[in-house]
Participant: 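Can you keep this structure in mind? I'll have questions shortly.
As the structure is a computational prediction, the values presented were derived from the model and not from experiment. No hydrogens, no waters, no symmetry mates; every other heavy atom, side chains included, goes into these values. FYI, the numbering just counts along the sequence from 1.
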Amino acid sequence: MGIQQGLVTITGYVAKEPRRVGDPGRTPLCVMRLASTRSYYDAKSQLWKELPTTWISVKAHRSLANNVLASVHKGDPVIVTGTLGMDEWSKDGQPQSSLVIEANAIGHDLSLGSTSFSKLGNRSESTSALRASEDNASSEARSETGLAFPSRTRISQETGIREDADDVVF
């Protein structure tokens, strides 16, 4: 029998600037508050109405924490996916609790604006891995994502993008 997890995806706005928690030499942990307000169209009044705002804490670990700290700011519209949980503690002898999402992905909500993306990691390592797989395949090569590319696919030295003889492939 496995452990049941409440996986959720929620959209909202970052209510406070994300902050790093813990010692600098330890595994990065980032915490932020998210405000999510659902709205609906009331046909009788022909107006949009809002339901009460749901406030939820979001925790991010490791590289996600570092990337959130560098990219996400107060007021940004975001989409968060992760495991739903509860933080519990005691204050003045009274039990307290708060909803929390242990995030596995956080990104800007692109239905409300645009952003730019900078991929992290060593590009030469991923390029070398793709070239090795192309050398071992006779008619097709498989990328790290499992997508098939024709054997004439190559990596552009200038851009690092996979290119076909006729056009760019993804």
Participant: Atom NE2 of H61 and atom CG of N66: how far apart are they, to the nearest 0.5 Å?
Facilitator: 12.5 Å
Participant: Hey, could you give me each pair passing side-chain hydrogen bond (donor to acceptor under 3.5 Å, both in side chains) that has a residue in residues 68-84? Not counting sequence neighbours.
Facilitator: T9-T81, E17-H73, D76-H108
Participant: CD1/I10 to CZ/R38 distance, rounded to the nearest 0.5 angstrom?
Facilitator: 10.0 Å
Participant: Taking side chain as C-beta onward, heavy atoms only, is W89 less than 4.5 Å from S98?
Facilitator: yes
Participant: Do L99 and V8 sit in one hydrophobic cluster, given that two such residues count as connected whenever their side-chain heavy atoms are within less than 4.5 Å of each other, even indirectly?
Facilitator: yes
Participant: Within a 6.0 Å radius of atom CD on Q96, are there more than 12 heavy atoms belonging to other residues, nucleotides or ligands?
Facilitator: yes
Participant: Consider only side-chain heavy atoms of I, L, V, M, F, W and Y, link residues closer than 4.5 Å, and tell whether V14 and L112 are in one cluster.
Facilitator: no
Participant: Name all residues meeting the salt bridge (Lys or Arg N to Asp or Glu O under 4.0 Å) criterion together with D42; count only those two or more places apart in sequence or in a different chain, and write none if there are none.
Facilitator: K49
Participant: Could you check whether any side-chain heavy atom of C30 comes within less than 4.5 Å of a side-chain heavy atom of R20, counting everything from C-beta outward?
Facilitator: no
Participant: Applying a strict under-4.5 Å side-chain criterion to I, L, V, M, F, W and Y, I'd like to know whether Y13 and W48 cluster together.
Facilitator: no
Participant: Can you tell me how far the CG atom of N104 sits from the CG atom of L64, to the nearest 0.5 Å?
Facilitator: 8.0 Å
Participant: About how many Å separate CD1 of I56 and CE of M32, when rounded to the nearest 0.5 Å?
Facilitator: 10.5 Å
Participant: Examine V58 and L69 and state if one hydrophobic cluster contains both, with Ile, Leu, Val, Met, Phe, Trp and Tyr joined whenever side-chain heavy atoms are less than 4.5 Å apart.
Facilitator: no
Participant: Please give me the minimum heavy-atom distance between R33 and W55, naming the atom from each residue.
Facilitator: NH2-CB, 3.1 Å
Participant: Do N67 and I106 have side chains that approach each other closer than 4.5 Å (heavy atoms only, starting at C-beta)?
Facilitator: no
Participant: Rounded to the nearest 0.5 Å, what's the gap from CG on L34 to OG1 on T53? Could you check?
Facilitator: 10.5 Å
Participant: What distance do L51 atom CG and S39 atom OG have between them, rounded to the nearest 0.5 Å?
Facilitator: 8.0 Å
Participant: Indicate if I79 and L7 have the same hydrophobic cluster label, given that clusters are the connected sets of ILVMFWY residues with side-chain heavy-atom separations under 4.5 angstrom.
Facilitator: no
